[in-house]
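Since the structure comes first, as structure tokens, the remarks are kept for the end.
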Amino acid sequence: MMTNGVVHANVFGIKDWVTPYKMALLVLIGELGRAGPHLSLLERRRLNRLLLPLLQGPDMTLSRLIKAIEECCPHLASSVQIRIKLMAGGELKDMEQFFDDLSEAFSGTEPEVHKTSVVGLFLRHMILAYNKLSFSQVYKLYTALQQYFQNDEKTKISQWVFCSVSREEEISCNGPLSQKQAEYFLSQQASLLKNDETKALSPASLQKELNSLLKFNPDFAEAHYLSYLNGLRVQDVFSSTHSLLHYFDRLILTGAESKSNGDEGCGRSLRYAALNLAALHCRFGHYQQAELALQEAIRIAQESNDHVCLQHCLSWLYILEQKRSDSCVLLEHSVKKAVYFGLPYLASLGIQSLVQQRAFAGKTANKLMGALKDSDLLHWKHSLSELIDISIAQKTAIWRLYGRSTMALQQAQMLLSMNSLEAVNVGVQQNNTESFAVVLCHLAELHAEQGYFTAASEILKHLKERFPPNSQHAQLWMLFDQKIQFDRAMNDGKYHVAGSLVAGITALNSTEGVYRKAILLKAQNQMSEAHKLLQKLLIHCQKIKNTEMVIRGAGRTGRNIWGLGGANPRVRGRKLLALPWVLTTHATPLLTGLSWSSSPHVEYPPQGGPPGIRAALISALTNNVLLSWHLGITSILITL
């Protein structure tokens, strides 16, 4: 079979085959062995580091290969180019002689290449694959080598006349990948999607490459799973569901699970397929379908007595039922079970969720930080770098929630100065994960709250470069950008600009958008409309148990009631009636008078205010009931 210069017999049975690109690598290895004593230590080190990605990666054009070699050793690059030119311009016997000479690398008491090394295994695979070719296939390989060299010459001319070819276009011009190349490509792209989406292929190019892989091997399960991740990346529920189901179907058909898990491998695939389907529906907000799929996963796991799968199901059950009153008990049970079955990742995620829930319930900061300290011990013990980043970002958000801007800045700077334990590229010390996006957003808002809007704009500019608008974490900085612009417009009295920003905030976060709309109406002296809007917001937030927004809305409602009328007895009575409602909301007292001294948008209360307010304020501070009274607190944006 011959496809785009690739000679292979059966993509399902052969793991590797000879291509013109791999022949160029064989020439590079041969020239490296001859020029070894004449190369400097630095050049040899660079070439050794270059060889591994070249051997594992997909085929590339000759010009890209020569350019990569030139960056390490220009003299060796010219020797490789000359040798390939002589072989492509010579006769068939020259290529035959080249493969015959490859076995000499293993001869002698001190061979140039060891048989068990990475390069040695590659040489042996290529020699074996070449020896299995028939005469017609050898001739086709020789013709492909000539075409490979001629196409490179034509590409050089076209690039010089027109423009350069992009990396994605070059990848799309390649032929089918071998199994090893495909596995390396899939693992690399999956790692990039997880840690640094900007360095991965674009969704369209990646899907095109995956379709090419599946065209030659439809039963390649890992390609279906990467297609599922790519569908999640662009929020395509149909294609992601289709790819996920195909992935588990291929696992069952190929018998990969049965080989590694015994006779019950098929059942294991089925229950984890249901669990992943539940997670998929939960991500897209299809909670009823997610609950049905989760019930199916629990049923199959109970039949198979799979406690690990049941523990994962319990974690997802908390996510589906976290708005209920008994969800805290469910989460505590999940953490205990995860520790019992030795699942540190799930245990840590449970602790993080529990801390987040207790923070919104108004627990003391020392207890929350103590729980996070225990989870940090798990992170460092098991080298869970992703959860280390999440924990620091969680601490940043909690300190902001409790009004400790200095501590929040310290935690943010700590994460930004840390080096990742799972850097996806050599020389890159940090990954573009959600934790870094959250911390940078908090940092921008902290600067904006102090009036440093120029510094906040610079941070947001860095966020836009690091997380482009089409990336999955771009909505974080988009929301913060709109909120900062809204605050700046309100401070400058540009209410028409603030009104146009409310629509953008509502599109990203409907609850926050309604709250900002009420602030704008209050600033425009439309007290009645603002009060009605806040009342609807409070009722909605009480239903969904959004405690922070209930507190903010309650405080804003109290301020609006205070400003509705001067000496009117009815209005004064409504003020006094509003005060105990604010004091008793969700066991987190937020006095209307407290925000007068802290919020930059609220006037200081008149001296003739009701004396009950000052007495309640002194009582709340004395009993240490109130933990955070700043109305501008920001919600914890960690998505576990």
Side-chain angles (χ1 to χ4, degrees), residues 4-6 16 18-36 38-88 98 113 117-123 125-126 144-145 147-160 163-175 177-178 180-185 187-189 191-192 196 198-201 205 209 423-428:
N4 292 342
V6 180
D16 217 344
V18 185
T19 64
Y21 166 73
K22 292 175 182 176
M23 290 182 62
L25 291 183
L26 293 173
V27 172
L28 170 62
I29 294 171
E31 294 296 325
L32 182 59
R34 294 188 185 92
H38 307 288
L39 296 176
S40 64
L41 180 62
L42 182 60
E43 290 176 337
R44 292 178 63 183
R45 187 177 299 169
R46 289 175 179 173
L47 288 168
N48 289 334
R49 291 179 60 180
L50 176 67
L51 269 178
L52 186 60
L54 291 179
L55 295 177
Q56 294 180 332
D59 293 3
M60 62 176 66
T61 59
L62 182 59
S63 59
R64 285 189 63 201
L65 177 62
I66 297 300
K67 183 179 180 181
I69 302 173
E70 281 180 351
E71 294 176 356
C72 301
C73 181
H75 176 70
L76 188 64
S78 61
S79 300
V80 171
Q81 191 171 15
I82 293 172
R83 183 69 185 275
I84 295 174
K85 182 178 180 181
L86 292 176
M87 192 186 304
F98 170 73
V113 179
S117 64
V118 176
V119 177
L121 290 173
F122 175 75
L123 287 175
H125 287 164
M126 290 297 101
L145 178 63
Q147 186 178 1
Y148 180 69
F149 181 77
Q150 293 171 2
N151 289 342
D152 180 69
E153 295 294 328
K154 293 179 182 178
T155 304
K156 288 181 180 179
I157 296 174
S158 62
Q159 288 180 0
W160 181 72
C163 60
S164 60
V165 182
S166 66
R167 173 173 171 260
E168 295 177 354
E169 290 176 350
E170 288 181 342
I171 292 178
S172 63
C173 294
N174 295 331
L177 304 178
S178 66
K180 289 185 177 180
Q181 287 178 322
E183 289 174 354
Y184 176 76
F185 171 77
S187 63
Q188 184 186 46
Q189 291 298 316
S191 177
L192 289 174
D196 198 349
T198 57
K199 293 184 174 61
L201 293 178
S205 300
E209 190 68 22
V424 294
N425 289 327
V426 178
V428 178

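Separation of atoms CD (Gln56) and CG (Leu51) is listed at 11.0 Å; rounding is to 0.5 Å. Glu70 contributes atom CD, which lies 7.5 Å from atom CD of Gln81 (distance to the nearest 0.5 angstrom). Put simply, CD on Glu71 and CD1 on Ile66 are 12.0 Å apart, with the number rounded to the nearest 0.5 Å. Put simply, CG on Leu50 and SG on Cys73 are 11.0 Å apart, with the number rounded to the nearest 0.5 Å. To the nearest 0.5 Å, atoms CG (Leu62) and CG (Asn151) are separated by 10.5 Å. Taking CE of Met23 as the reference point, atom CG of Leu145 lies at 4.5 Å (rounded to 0.5 Å).
Shown here are the side chain to side chain contact (heavy atoms under 4.5 Å, CB included) partners of Leu86, two or more places apart in sequence or in another chain: Ile82. The salt bridge (Lys or Arg N to Asp or Glu O under 4.0 Å) check on Arg83 picks up Glu31, with sequence neighbours excluded. Residues satisfying the side chain to side chain contact (heavy atoms under 4.5 Å, CB included) test with Leu42, not counting sequence neighbours, are Ser40, Arg46. Evaluation of the side-chain hydrogen bond (donor to acceptor under 3.5 Å, both in side chains) rule for Glu183 yields Gln179 as partners, not counting sequence neighbours. In this structure Ser187 satisfies the side chain to side chain contact (heavy atoms under 4.5 Å, CB included) test with no other residue, sequence neighbours excluded. Shown here are the side chain to side chain contact (heavy atoms under 4.5 Å, CB included) partners of Phe122, two or more places apart in sequence or in another chain: Lys22, Leu25, Leu26, Ile29, Leu55, Met126.
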Between Tyr148 and Thr19, is a side chain to side chain contact (heavy atoms under 4.5 Å, CB included) present by the stated rule, with each step listed?
-> CA-CA 10 Å; Tyr148 180 69; Thr19 64; over 6 Å; no
Check step by step if side chain to side chain contact (heavy atoms under 4.5 Å, CB included) holds for Arg44 and Leu32.
-> CA-CA 9 Å; Arg44 292 178 63 183; Leu32 182 59; 5.6 Å; no
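Shown here for Lys85 and Phe149, the closest heavy-atom pair between the two residues is CG-CZ, 3.5 Å.
The shortest distance between side-chain heavy atoms of Tyr184 and Leu52 does not fall below 4.5 Å. Taking the side chain as every heavy atom from C-beta outward, Val27 and Met87 approach each other to under 4.5 Å. By the 4.5 Å heavy-atom criterion applied to side chains, Leu76 and Leu28 are counted as neighbours.
Side chain of Gln181 to backbone of Gly57: a donor-acceptor contact under 3.5 angstrom is found. Checked by atom type and distance alone, the side chain of Ser191 never pairs as donor or acceptor with a backbone atom of Gln188 at under 3.5 Å.
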